[in-house]
Amino acid sequence: MIAPFMGFFIVDGLKQAPWTISIYAGALSCLAIAINRQFAQRIDRGKSAFPLIGVALGGYLLANLTLSIVPALWTVLTFGVVGFGVSTSAVSTMFSLGSGLAEQHQIERSRLNAFMRATTSTAWMVGPAVSFVIADQIGKVGVFRCGLLLGLVWLVLWWWVKPQNAKAKPKEGALEKREGGRVNPGLWLAATFVFCLSSARSLTFSTLPLFYVQEVGLPGYAPGLAFTVKTFVEVFAIFSTPLLMARFGIRKPLLATTLLAVIAIQFLASVQSFPQMLASAAMEGLYYGLYASLGISFVQSYAEDRPARATAIYWNTLMISGVLAGPAVGVIAQTYGFRTVLHVASAVAVFAAAVLLLGARQSWMLASSQS
C-alpha cells in the first residue's frame with residue numbers, strides 16, 4: 001500500500017516539487033541497505049529471525065501512526081523514512097529465511113522463491129489499488145490509517161502464527177570464507193545486472209502514478225488499477241519460472257525477459273488512454289514477474305554457502321537502484337516531464353541486457369580456459 005503511494009502523496013498531497021521524492025527515497029533506501037546487511041549476517045550465523053521481523057513491524061506501525069496524526073513533509077522525512085526504512089527489511093529477512101526452510105523441507109529453492117514472490121505479488125495486487133482508491137474517495141491521510149490497521153493484523157500474525165524459533169542453518173565453512181574476504185566476481189556481476197534492470201524498474205515505478213494522472217489525464221484511481229493488473233499477470237509469470245529454469249536454465253530466460261522489459265517500458269511511455277494503460281500494465285507484469293523470480297535465483301546461485309548474504313545483496317541492489325532512481329526521476333521530470341523518465345528507463349534496460357551478455361561471455365571464456 002505504501003511504497004507506490006509515497007511519491008504521489010509527496011507531490012500531489014503535500015504539493016511538493018517532484019525532486020522532493022528523491023530526498024525521501026534516498027534516505028529510506030540508505031537506511032534499509034544498512035539494516036539488510038546487518039540482519040543478513042545474523043541469519044547466516046543461525047540467529048533467530050523472529051525478533052528481526054518484529055523490528056520491521058515496529059517501524060511500520062510507527063511510520064503509519066505518525067503520518068496519520070501529522071501528515072506533513074517533515075514527518076515524511078523523519079518518522080516516515082525511519083519507520084518505513086526499517087520495515088522494508090522484513091522482505092529480505094523472509095526471503096533469506098526461505099532458503100533455510102527450503103533446505104529443511106527438501107523443497108527446490110527456485111520453487112520456494114517463486115512461491116514467495118507470487119505471494120508478495122498477490123499482496124501488491126491488492127495494496128496499491130486499495131491505497132489509491134482510499135486516497136481518491138476518502139482522503140490521502142486515510143491510506144496511512146488503513147496501513148496502521150493492517151500493521152496491527154501483521155502484529156497478530158507475527159506473534160501467534162510466525163514460528164518464533166525459525167532460523168537458517170549455517171553452512172559449513174561459511175565463516176572461514178567470510179574471514180578470508182575472497183571476491184566473488186560472478187556474484188557481483190549478477191548484482192550489476194540486477195542493479196541495471198532494477199534501476200529501469202525503479203524509474204518506471206516512481207514515475208507511472210504521476211505520469212498517468214498529471215500528463216495522461218487519467219482519474220486518480222487509475223494508478224492503483226494499473227498496479228492490480230500488473231501484479232495479476234505478474235503472479236502467473238512468477239509461477240512459470242521454475243519450469244523455464246528447468247528447461248532453459250537461468251541466463252537465457254533472463255535475457256529474453258530483459259528484452260521484453262525494453263519493449264514494455266516503451267509501450268508504457270506511449271500510453272494515451274485507459275485501455276492502453278491496462279494493456280501496458282499487463283506487459284509490465286509479465287516482464288517483472290519473470291525478472292523478480294529469475295533475478296533472485298540468479299544472484300543466489302553465486303553464493304550457495306551464504307544464502308542470506310546473497311539475498312541481502314539482491315534486495316540491497318534493488319534499494320541502491322532506488323537511491324539513484326529517485327534523484328533521476330526528480331531532475332528529469334522537473335526538466336522534461338514524466339514521459340521522458342520512461343524513455344530513459346527503457347535505455348537503462350538495454351544496458352542491463354548488455355551486462356548480462358557480457359557475463360555470459362566471461363562465463364564461457366572461463367569454462368573454455370578450465371577445459
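Since the model is a prediction, treat every value here as computed from it, not as a measurement. Residues: numbered from 1 along the sequence shown.
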Identify whether I43 and V55 are in the same connected component of the hydrophobic contact network (ILVMFWY, side-chain heavy atoms under 4.5 Å). yes
Without hydrogens or angle criteria, can the side chains of S198 and S321 be said to hold a donor-acceptor pair below 3.5 Å? no
Just wondering, are more than 12 heavy atoms of other shown residues or ligands nearer than 6.0 Å to CZ in F79? no
Answer yes or no: is there a side-chain heavy-atom contact under 4.5 Å between T120 and V91? no
Please determine whether residues L28 and L73 belong to a single hydrophobic cluster, defined as Ile, Leu, Val, Met, Phe, Trp and Tyr linked transitively by side-chain heavy-atom distances below 4.5 Å. yes
Close side-chain approach of L61 and L152, heavy atoms under 4.5 Å: yes
Stepwise side chain to side chain contact (heavy atoms under 4.5 Å, CB included) test for L259 and V350: CA-CA 7 Å; L259 297 177; V350 172; over 6 Å; no
Can you confirm whether F195 sits close enough to L318 that some side-chain heavy atom of one is under 4.5 Å from a side-chain heavy atom of the other? no
Rounded at 0.5 Å granularity, tell me how far OH in Y60 sits from CG in N64. 4.5 Å
Main-chain N/O of F211 paired to E215 side chain as donor or acceptor, under 3.5 Å: no
Classify the ring geometry between F5 and F8 as parallel (under 30°), tilted (30 to 60°) or perpendicular (over 60°). tilted
What's the separation between atom NZ in K230 and atom OG1 in T228, rounded to the nearest 0.5 Å? 10.0 Å
Do you know which two heavy atoms are closest between A56 and A90, and how far apart they sit? CB-CB, 3.7 Å
Is a side-chain N or O of S87 found less than 3.5 angstrom from the main chain of F84, in a donor-acceptor match? yes
Are the side chains of T317 and I313 in touch, meaning some heavy atoms are under 4.5 Å apart? yes
Backbone N/O of S89 and side chain of S92: donor-acceptor pair under 3.5 Å: no
Distance-only side-chain donor-acceptor flag, E284 / T204, under 3.5 Å: no
Side-chain (S206) to main-chain (L203) donor-acceptor, under 3.5 angstrom: no
After noting the C-alpha distance and the side-chain angles of L197 and V348, does the key distance pass the side chain to side chain contact (heavy atoms under 4.5 Å, CB included) rule? CA-CA 7 Å; L197 197 52; V348 175; over 6 Å; no
Validation row: S131, F227 side chains within 4.5 angstrom (heavy atoms): no
Examine F144 together with F9 and report whether their ring centres are nearer than 6.0 Å. yes
Kindly give the heavy-atom pair with the smallest separation between L31 and V81, and that separation in Å. CD2-O, 3.7 Å
Taking K47's backbone N and O only, do any of them form a donor-acceptor pair with R42's side chain (distance below 3.5 Å, no angle check)? no
What's the spacing between L65 CG and I69 CD1 if we round to 0.5 Å? 4.0 Å
Measuring only between side-chain heavy atoms, which start at C-beta, is L208 closer than 4.5 Å to L342? yes
Is Q16 reaching over with its side chain to a backbone N or O of L14, donor-acceptor style, under 3.5 angstrom? yes
Ignoring hydrogens, what is the shortest heavy-atom contact between A310 and V299? Give both atom names and the distance. O-CG1, 3.5 Å
Residue pairs involving residues 238-274 (criterion ring-ring contact (aromatic ring centres under 6.0 Å, His included); sequence neighbours excluded): none
Regarding R251 and the six-membered ring of F298, is the cationic atom NZ or CZ under 6.0 Å from the ring centre and inside 45° of its axis? no
Verify the cluster assignment for V271 and V262: are they in a single hydrophobic cluster under the rule of side-chain heavy atoms below 4.5 Å apart? no
Check step by step if side chain to side chain contact (heavy atoms under 4.5 Å, CB included) holds for L254 and F193. CA-CA 10 Å; L254 264 181; F193 163 76; 3.8 Å; yes
Hey, are the side chains of V133 and L225 touching, using non-hydrogen atoms and a 4.5 Å cut-off? no
Kindly indicate whether the side chain of I320, heavy atoms from C-beta on, has any atom under 4.5 Å from the side chain of S29. no
Taking all heavy atoms of I250 and all of P253, pick out the closest pair and write down the distance. O-CD, 3.3 Å
Applying the side chain to side chain contact (heavy atoms under 4.5 Å, CB included) criterion to Y291, which one of I238, L286, V194, T241 satisfies it? V194
In Å, rounded to the nearest 0.5 Å, how long is the span from CD of Q300 to OH of Y314? 9.5 Å
Using side chain to side chain contact (heavy atoms under 4.5 Å, CB included), reason through L67 and L148 one step at a time and then give a plain yes or no. CA-CA 10 Å; L67 285 169; L148 181 60; over 6 Å; no
Between S280 and Y212, the two heavy atoms sitting closest are OG-OH, 3.9 Å
Please confirm whether the backbone N or O of D12 pairs with a side-chain atom of K15, one donor and one acceptor, at under 3.5 Å? yes
Once you measure the plane-to-plane angle for W159 and F50, does it fall in the parallel (<30°), tilted (30-60°) or perpendicular (>60°) bin? tilted
Short side-chain to backbone donor-acceptor contact, T75 and V70, under 3.5 Å: yes
What is the minimum heavy-atom distance between M245 and S297, and which atoms define it? CE-CB, 3.9 Å
Decide whether L62 and L155 are clustered together by the hydrophobic rule: side chain heavy atoms of Ile, Leu, Val, Met, Phe, Trp, Tyr closer than 4.5 Å, transitively. yes
Verify same cluster id: L243, F236 (apolar side-chain graph, 4.5 Å): no
Which value, rounded to the nearest 0.5 Å, describes the distance between T311 atom OG1 and M94 atom CE? 12.0 Å
Distance (rounded to the nearest 0.5 Å) between R111 CZ and M116 CE: 15.5 Å
